[in-house]
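The structure appears right after this line, and notes come after that.
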Amino acid sequence: MTEAMADRKVDRSHMQVSDEVAIQISNMNKWYGTFHVLRDIDLTVNRGERIVIAGPSGSGKSTLIRCINRLEEHQAGQIIVDGTELTSDLKNIDKVRSEVGMVFQHFNLFPHLTILENLTLAPIWVRKTPKKEAEEVAMHYLNKVKIPEQAHKYPGQLSGGQQQRVAIARSLCMKPRIMLFDEPTSALDPEMIKEVLDTMIELAEEGMTMLCVTHEMGFAQAVANRVIFMDQGQIVEQNNPHDFFNNPQSDRTKLFLSQILGH
Amino acid sequence: MSDTHSNTVAYVRKTMLTEQAPPSSQVGAVRWVRENLFSGPLNTILTLLGVLCVYYLGVHLGPWFANSIWNAGSLSECREILQGASGACWGVIKDRWHQLLFGFYPQDAYWRPTIAFFLMIVAMAPILFDAVPRKVLWFSAVFPFLAFWLLWGGTIWLPLLALAGFVIGYFAFTALQKVSALAAVIGAMVAPVLWWLFFAGPLDEVLSNALPIGIKHIQSDEFGGFMISIIIGVTGIALSLPIGILLALGRQSDMPLVKWICVGFIEFIRGVPLITLLFTASLLLNYFLPPGTNFDIVLRVIIMVTLFAAAYMAEVVRGGFAALPRGQYEAADALGLDYWKAQRLILLPQALKISIPGIVNTFIGLFKDTTLVVFIGILDPIGLSNAIRADSNWNGIVWELYGFIALCFFIFCFGMSRYSQYLEGKLKTDHR
C-alpha cells in the first residue's frame with residue numbers, strides 16, 4: 001500500500017455527489033482495427049463523483065477515459081458529456097474538450113513555452129480571455145499547486161512532479177467541469193508522487209468531478225467514491241472503495257488486488 | 001521501509017564532504033594539447049601531417065597574396081609587373097566589379113539595386129532578430145513591392161496594384177468570415193487572383209497613362225551578377241518556407257484530395273532536376289501561356305526555383321513534425337485548440353525548431369543553385385565570369401575571378417549557417 005496518503009487527512013465536507021449526470025456512457029464499443037478494446041461499456045458519472053479506474057495494463061482503462069474527450073473515437077454506442085453527445089461533429093467535440101480537462105502520464109507540457117505561457121495559451125486562444133486576466137488566473141492556479149515561483153521557467157527546467165502539477169494547473173485554467181487523469185503518477189519518481197496526489201486530493205475536496213486511471217490504491221481509498229475494475233475491455237467490477245478492497249467479488253479482481261497490494 | 005533495516009546500518013556519515021579543486025593535470029594548456037593533438041600515435045601523425053599541409057599552403061599562397069596586383073588593365077599587364085614571380089592579379093576585380101555585382105544594369109541606375117539591397121537588410125531585420133521593433137514588420141510586408149519597383153522601374157502603379165490585391169484578399173477574408181471559415185479562405189485566395197488577372201493590368205495602363213509617376217523601366221535581360229543571385233535566392237528562400245510548410249501540412253492531411261495533390265507535387269518536383277525546370281521556365285512555359293503575354297524570365301525562374309526548394313522544404317518540415325511526441329498533439333486537442341491554432345501555436349514552432357538545420361541546408365542549396373540560371377542565358381556571376389574571360393584583356397584568368405565569386409558565395413552561405421546556429425541556441429529551452 002502506498003504510504004503517500006498516510007499523513008493526509010481528507011476533508012470530505014465538499015465532496016457531495018449530486019443527482020445531475022455529468023457523463024453518460026451507454027453500450028459503447030471500440031475497436032483498434034480488428035482488436036475489440038472496449039466492450040459494451042455502460043457508465044454513468046454524476047456531478048461531483050470521484051472515480052478511480054483500475055486494472056491490468058491493456059485492459060482498456062486509458063482508452064476509456066480518452067474516449068470521453070474524443071482523443072479516441074468510439075465506433076458504437078453513445079457518450080454524452082454534460083449534455084453534449086460526442087459524434088464526428090467538430091463543434092460538439094470542441095465544446096466537450098473545453099469543458100473537460102485532461103492530465104496525461106507524460107505531462108505533455110509545451111516545451112517551447114514558459115510555464116505561464118503554457119497556462120494562458122488555451123484561455124487566451126480558445127476562451128478569448130484577455131491576456132492580463134488569463135495571467136492572473138494562471139498565477140492563481142500556480143499558487144494553488146504551490147509553484148508560483150516557476151512561472152517564467154521552461155518545462156524542461158522543472159522536476160517531473162512540478163511538471164505534472166503545472167499540467168494540472170494548465171487544465172484548471174480552462175475552468176473545466178470534469179477532470180480526467182490518465183495515470184498521472186506513473187512516470188514520476190516515488191519522491192514526487194505525493195506532491196501530485198496532494199494536488200489531486202485538494203481538487204477532490206473542492207468537489208471536482210474526477211475520473212482517474214491510477215495504480216495508487218491509497219488515493220482510491222482516500223478520495224474515490226467508486227472504484228471501477230476493468231479487464232479485457234470490460235468493466236468487471238465496481239463498488240465503493242471500502243467494499244472493493246475488503247470484499248472483492250470477482251476472482252479476477254481478487255487476483256489483481258493480491259498482486260498490487262501483496263508486496 | 002522496514003524497521004529491521006535501520007538496525008543493520010553500521011556506518012552513518014556525520015559531515016558531508018565539500019567540493020574540491022581538480023588536480024593540475026585536469027586543467028591548463030598542456031592538458032589541452034596532450035588531449036587534443038597528441039593523444040595517441042595516430043593522432044600525433046595526423047597532427048604533424050596537418051602542420052605540414054598548413055606550412056606548404058602558406059609557402060605557396062603567401063607570396064601569391066603578398067605580390068597581389070590591384071592596378072592593372074589586363075592579365076598581360078599583370079604578368080609584366082610580376083616578371084615571372086607568383087602573384088595574384090586582382091586587377092580583374094577592380095576593373096570589372098560593377099559587372100560582377102550588377103551585370104549589364106545601366107550604370108546611372110546602380111543606386112536602385114544598392115538602395116534595394118540596404119532596404120532588404122532593414123526588411124529582414126525584424127524577421128531575423130526579435131530585438132528589432134515589431135512595427136518594422138510593416139515595412140517588411142511592403143518591401144517586396146518597393147524592391148520590385150526599384151529594380152525594374154516603370155510607374156509606381158503596377159506594384160501598388162499588386163499590393164492592392166493582397167489588401168483585397170484581406171477584406172474578402174474578413175467579410176466572408178461571418179459566412180464560414182472555409183468561404184473566407186476561398187474568398188481570400190480567389191478575390192486577389194481575379195483582381196490581378198482582370199483588373200490590375202487594365203487599371204495599370206489607365207493610371208500609368210494618366211499619372212506617369214515613376215522611374216526608368218529596365219528590362220530583365222540587363223540584370224546580372226550577384227544582384228540576380230540575391231534576387232532569385234532571397235525571393236526563393238522567403239517564399240519556399242511558407243509553401244513548404246503548407247505542403248508538409250497538406251501531406252499529413254486527413255483529406256485524401258489535399259493529401260494526394262501535395263504528395264504528387266512533392267514527388268514530381270523532387271524527382272526532376274532543377275535544370276529541367278529552368279529550361280521549362282525559359283523555353284516551354286511560353287507555349288502554355290496565352291499568346292502575347294510577356295511573362296518576365298526572372299519571375300519565371302523565381303517561380304521554378306521556389307517550387308523546387310518548396311518540395312524539399314516540405315519534406316524537411318515533415319521530418320520536424322514526425323519528431324514531435326504524440327502527446328503534444330493530444331495535449332493541444334485536449335485543451336480544445338482547433339487544427340490551425342494547434343498547428344500555429346504548438347506544433348509548428350516546435351517542428352520548425354527541430355528542422356532548422358535542414359531548412360538552412362535547403363536555403364544554402366537554393367542560393368548556390370541560382371548559379372544554374374547561367375544555362376538559360378541569365379548572366380549570374382558565373383555567366384559573367386565567362387564573359388569577362390572571353391575578353392582578350394582577361395583571357396586566361398582563373399583563380400582570382402572564381403576565387404572572388406567563391407568568397408562572395410561563402411560569405412552569404414556561412415552567414416546563413418551562423419545565423420541558424422544562433423537561432424538554435426536562442427530557441428533552446430531544455431536544461432538551461
Side-chain angles (χ1 to χ4, degrees), chain A residues 1-3 62 65-66 68-72 88 90-91 93-115 117-128 153-158 166-167 170-176 179-180 182 187 190 263, chain B residues 1-6 130 134 177 179-185 245 253-256 317 320-356 359 423-432:
Chain A
M1 179 83 52
T2 43
E3 287 149 61
S62 284
I65 70 163
R66 287 157 61 86
I68 294 171
N69 66 352
R70 194 79 170 186
L71 287 183
E72 305 280 355
S88 52
L90 288 174
K91 270 201 185 113
I93 295 173
D94 285 343
K95 192 169 167 225
V96 166
R97 281 176 178 167
S98 61
E99 297 298 329
V100 178
M102 184 157 199
V103 176
F104 300 87
Q105 179 177 3
H106 296 288
F107 333 135
N108 297 349
L109 295 177
F110 306 129
H112 62 301
L113 302 175
T114 63
I115 301 304
E117 287 165 343
N118 264 279
L119 266 64
T120 55
L121 184 117
I124 290 175
W125 291 95
V126 180
R127 290 251 194 270
K128 313 284 181 210
K153 288 192 183 166
Y154 286 94
Q157 297 165 286
L158 269 57
V166 170
R170 179 175 71 178
S171 293
L172 293 177
C173 281
M174 287 291 279
K175 308 255 169 71
M179 284 287 285
L180 308 174
D182 188 1
H263 58 82
Chain B
M1 300 294 154
S2 58
D3 293 331
T4 51
H5 187 61
S6 59
D130 46 346
R134 296 293 88 192
Q177 213 162 22
V179 184
S180 86
L182 187 68
V185 172
I245 290 170
S253 170
D254 294 331
M255 291 179 271
V317 174
F321 277 113
L324 294 182
R326 236 194 107 54
Q328 292 292 311
Y329 292 81
E330 290 177 350
D333 282 347
L335 285 171
L337 294 163
D338 63 29
Y339 175 82
W340 288 107
K341 280 177 191 155
Q343 293 295 343
R344 186 158 62 87
L345 300 166
I346 310 295
L347 305 166
L348 200 51
Q350 294 185 63
L352 287 181
K353 186 180 122 184
I354 297 170
S355 330
I356 287 172
I359 290 173
L423 202 59
E424 276 178 65
K426 199 182 72 140
L427 296 179
K428 200 171 171 187
T429 54
D430 43 351
H431 54 76
R432 201 189 304 188

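Only this structure's heavy atoms are used, side chains among them; waters, hydrogens and symmetry mates stay out. Naming: A, B, ... by sequence-line order, numbering from 1 per chain. Note that the coordinates shown come from a computational prediction; the quantities given were computed from them, not determined experimentally.
Contact tally against chain B (heavy-atom pairs below 4.5 Å) for A:L180, A:I93, A:L109: the top residue is A:L109. Counting heavy-atom pairs closer than 4.5 Å to chain B, the top residue among A:P111, A:S98, A:G101 is A:P111.
No more than 12 heavy-atom neighbours from other residues, nucleotides or ligands sit within 6.0 angstrom of CZ on B:R326. For NZ of A:K95, the number of neighbouring non-hydrogen atoms (other residues, nucleotides, ligands) closer than 6.0 Å is 12 at most.
Between A:L121 atom CG and B:I346 atom CD1 the span is 4.5 Å, to the nearest 0.5 Å. Rounding to the nearest 0.5 Å places CD of B:Q328 at 9.5 Å from CZ of A:F104.
With a 4.5 Å cut-off on non-hydrogen atoms, A:V103 does not touch chain B at all. For A:R170, the parts lying under 4.5 angstrom from a heavy atom of chain B are both the backbone and the side chain.
In this structure, B:A331 and A:F110 approach most closely via the heavy-atom pair CB-CE2, 3.8 Å. Taking every heavy atom of both residues into account, B:L335 and A:A122 meet most closely at CB-CB, 3.9 Å.
Side-chain contact between B:D333 and A:L71 is present, with heavy atoms from C-beta onward closer than 4.5 Å. The shortest side-chain heavy-atom distance between A:R66 and B:E330 falls under the 4.5 Å cut-off.
Looking at A:H112, its side chain never comes within 3.5 Å of a backbone N or O of B:L347 through a donor-acceptor pair.
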